[in-house]
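The block underneath contains the structure these notes are about, expressed in structure tokens.
Just so you know, residue 1 is the first one in the sequence shown, and it goes up from there.
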Amino acid sequence: MITTLLGYVPEEPGARGELLAADCPSRDVMQHVTGRWGVMVLLVLLKGTHRFSELRRSIGGVSEKMLAQTLQALEGDGFVLRTSHPEMPPRVEYRLSPMGIEVAQMVEALADWIEGSLPRILRHRAQAAAGA
């Protein structure tokens with residue numbers, strides 16, 4: 001096994017990550033994609049290119065700092081493309097890369113299932129709370 005400052009690196013090109021391995025960087029990617037703000041950024045960008053302020057308005061409750069950190073993490077993983085236009089005032093746009101579209105579609109399917117199943121989930125929560 002090869003290790004770097006970042007930790008685990010698959011030995012062969014094309015080798016899969018091992019999410020259950022403590023030192024595998026796939027855990028970081030999973031956190032970036034499935035974290036609270038990562039999911040929402042991916043869902044909004046799946047609809048098209050957005051400026052930072054548009055993203056912030058679209059995602060209720062996200063702070064400027066958390067949105068910036070989330071975008072940087074997703075950009076670092078290759079899911080988000082950032083385009084800076086040399087204008088005054090500066091204009092920066094974000095969109096999904098082809099790999100970002102792939103992962104966003106998977107996240108969208110999960111989010112859709114959660115939203116569609118929410119009544120069942122909430123009933124289960126209420127029953128569990130009543131039985132506790």
Run through the side-chain heavy atoms of Ile, Leu, Val, Met, Phe, Trp and Tyr, join any pair under 4.5 Å, and report what else lands in [X]'s cluster.
X    : value
L20  : none
I121 : L110, W113, I114
L81  : none

Those residues that, when tested against [X], pass salt bridge (charged side-chain N to carboxylate O under 4.0 Å, His left out) (two or more places apart):
X    : answer
E93  : R91
E115 : none
R56  : E64

Mind running side chain to side chain contact (heavy atoms under 4.5 Å, CB included) on T49 and L96 for me, showing each step along the way? CA-CA 8 Å; T49 301; L96 293 176; over 6 Å; no
Taking all non-hydrogen atoms of both residues, which atom of [X] and which atom of [Y] are closest, and how far apart?
X    : Y    : result
S26  : E18  : OG-C, 3.8 Å
S97  : G78  : OG-O, 2.5 Å
R123 : R120 : NH2-CG, 3.2 Å

For R125, give me all partners under side chain to side chain donor-acceptor pair (under 3.5 Å), at least two apart in sequence or on another chain.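 If we apply the side chain to side chain donor-acceptor pair (under 3.5 Å) test to R125, skipping adjacent residues, there are no hits.
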Does R27, at its CZ atom, have more than 12 non-hydrogen atoms belonging to other residues, nucleotides or ligands within less than 6.0 Å?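 Buried by this count: over 12 neighbours within 6.0 Å.
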Rounded distance [0.5 Å steps], OG1 in T70 versus NZ in K65: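 NZ of K65 is found 11.5 Å from OG1 of T70.
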Donor-acceptor pairs are to be reported for all side-chain atoms of residues 30-48 against protein atoms at under 3.5 Å, with residues two or more places apart or in another chain.
{"unit_1": "H32", "atom_1": "ND1", "unit_2": "D28", "atom_2": "O", "d": "3.4"}
{"unit_1": "H32", "atom_1": "ND1", "unit_2": "D77", "atom_2": "OD2", "d": "2.5"}
{"unit_1": "T34", "atom_1": "OG1", "unit_2": "M30", "atom_2": "O", "d": "2.6"}

Compare all side-chain heavy atoms of [X] with those of [Y] and state whether any distance is below 4.5 angstrom.
X    : Y   : result
I101 : F79 : no
Y94  : R82 : yes
L55  : L71 : yes

Donor-acceptor pair, distance only, cut-off 3.5 Å: does the side chain of E54 make one with the backbone of R51?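 Answer holds: yes.
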